[in-house]
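Atom set for the values below is all heavy atoms of this structure, side chains included, hydrogens, waters and symmetry mates excluded. Indexing begins at 1, ligand by ligand and atom by atom, following the structure's order.
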Amino acid sequence: RELRRTHTHDMETKNYSSDSGFILLGLSSSPQLQKPLFAIFLIMYLVTVMGNLLIILVIHSDSRLHTPMYFFLSNLSFTDICFTTVIVPKMLANLLSETKAISFVGCLCLTQMYFFVTCAITDSFLLAAMAIDRYMAICNPLHYTMTMSPQRCLLLVMASWVLSHLHSLTHTILMARLTFCGPNVIHHFFCDIQPLLTLSCSDTSVNELLAFTEGSFVIMSPFILIIVSYVFITRAVLRVPSGRGRYKVFSTCGSHLTVVALFYGTAISVYIRPSSTYSVTKDSVVTVIYTVVIPMLNPFIYSLRNKDMKRALRKLTRRKE
Ligand SMILES: *[C@@H]1O[C@H](CO)[C@@H](O)[C@H](O)[C@H]1NC(C)=O
């Protein structure tokens with residue numbers, strides 16, 4: 001660590017004070033790529049916002065979709081909109097601007113980090129809540145309406161938000177205590193914890209320890225909960241004798257499992273490991289996948305594979321005509 005730090009100091013001899021802000025280098029510094037990247041990410045962002053808004057609209061407009069599963073899905077869409085809105089507009093502005101600055105003392109960078117972490121963790125908690133919901137519906141159908149009452153669902157959603165805010169607040173406060181005196185170029189397209197830590201010239205061992213222990217816990221516990229739920233679900237499904245019954249169960253769980261696999265596959269590969277193995281280019285690509293691509297895919301995964309959603313969508317468009 002020390003070695004790398006002195007090395008970067010040598011390369012960029014110019015000293016910056018922490019109030020001069022950071023430079024977000026973004027995905028590519030090549031000038032010819034800026035405009036195409038801008039167009040691609042603008043389209044992806046618009047598709048994400050509209051797709052997720054449509055999901056929320058469809059779910060709230062059809063009383064047959066007023067079930068815990070779809071309320072969680074609607075909340076997931078809402079979180080996905082926040083998630084991308086925290087990152088993509090600033091990234092788009094940077095693709096067009098020459099300076100690419102983001103202020104640290106003006107707190108834009110810390111604010112971005114705060115909301116990014118909050119939304120990411122809420123997303124994973126909501127995915128866990130959906131797994132619990134599927135488990136209750138499939139393995140415990142007789143008690144389902146009682147255990148997943150509207151109050152309990154609301155409690156789960158609130159708990160997800162509160163826990164993720166607390167988690168994010170801890171990391172942000174610890175980050176705000178650090179001093180940044182060295183190079184201020186972030187080789188990333190938004191202010192994330194790891195790229196910021198590598199730039200600090202104070203002792204970051206507490207931050208890293210917390211990111212590694214509590215961070216792993218917060219990311220892994222919903223994941224383990226999901227795995228356990230699906231082990232029980234699979235066991236229950238294998239007991240169903242007919243092929244059609246199995247198909248029905250799998251069609252409701254299939255979309256959820258797809259999203260879970262995409263989200264955790266990418267998140268775990270970026271976060272659950274020591275920061276010494278952090279690689280800027282490889283991680284940027286993986287990070288684009290789960291910050292920009294997955295929130296965009298969620299609405300498609302849910303509406304294309306799901307009969308209830310398709311029916312509600314048709315009803316909504318017919319009403320408009
Ligand atoms: C989130 O979930 C709660 C509880 O099920 C529900 O009442 C609320 O309408 C949902 N929020 C959105 C934006 O769908």
- Item | From Tyr230, Tyr70, Phe72, residue fulfilling ring pair (Phe, Tyr, Trp, His ring centres under 6.0 Å) relative to His256 | Tyr230
- Message: Within ligand 1, which atoms have a heavy atom of Cys153 less than 4.0 Å away?
- Response: 5 (O)
- Query: Which atoms of ligand 1 sit under 4.0 Å from any heavy atom of Ser74?
  - Reply: 12 (C), 13 (C), 14 (O)
- Measure the distance from the SG of Cys119 to the SG of Cys82 and say whether it is below 2.5 Å. no
- Message: Surrounding CZ of Arg177 (heavy atoms of other residues, nucleotides or ligands, distance under 6.0 Å), is the total greater than 12?
- Response: no
- Task: Decide yes or no for Tyr264 and Ile219: does some side-chain heavy atom of the first lie under 4.5 Å from some side-chain heavy atom of the second?
- Result: yes
- Note on the structure: Val157 heavy atoms within 4.0 Å reach ligand 1 at atoms 2 (O)
- Nearest heavy atom to atom 9 (O) of ligand 1 wins, so pick from His66, Arg152, His60. His60
- Item | Ile56 to ligand 1, any heavy atom closer than 4.0 Å | no
- Message: Suppose we measure from atom 6 (C) of ligand 1 to each protein heavy atom; which comes out shortest, and what is that distance?
- Response: Phe71 CD2, 3.9 Å
- Task: Using the six-membered ring wherever Trp is involved, compare the ring planes of Phe263 and Tyr290 and label them parallel, tilted or perpendicular (cut-offs 30° and 60°).
- Result: perpendicular
- Message: Tell me the nearest of Ile81, Asn75, Leu155 to atom 1 (C) of ligand 1, using heavy-atom distances.
- Response: Asn75
- Within 4.0 Å of some non-hydrogen atom of Leu154, the atoms of ligand 1 are 3 (C), 4 (C)
- State whether a side-chain donor-acceptor pair under 3.5 Å links His165 with Tyr114. yes
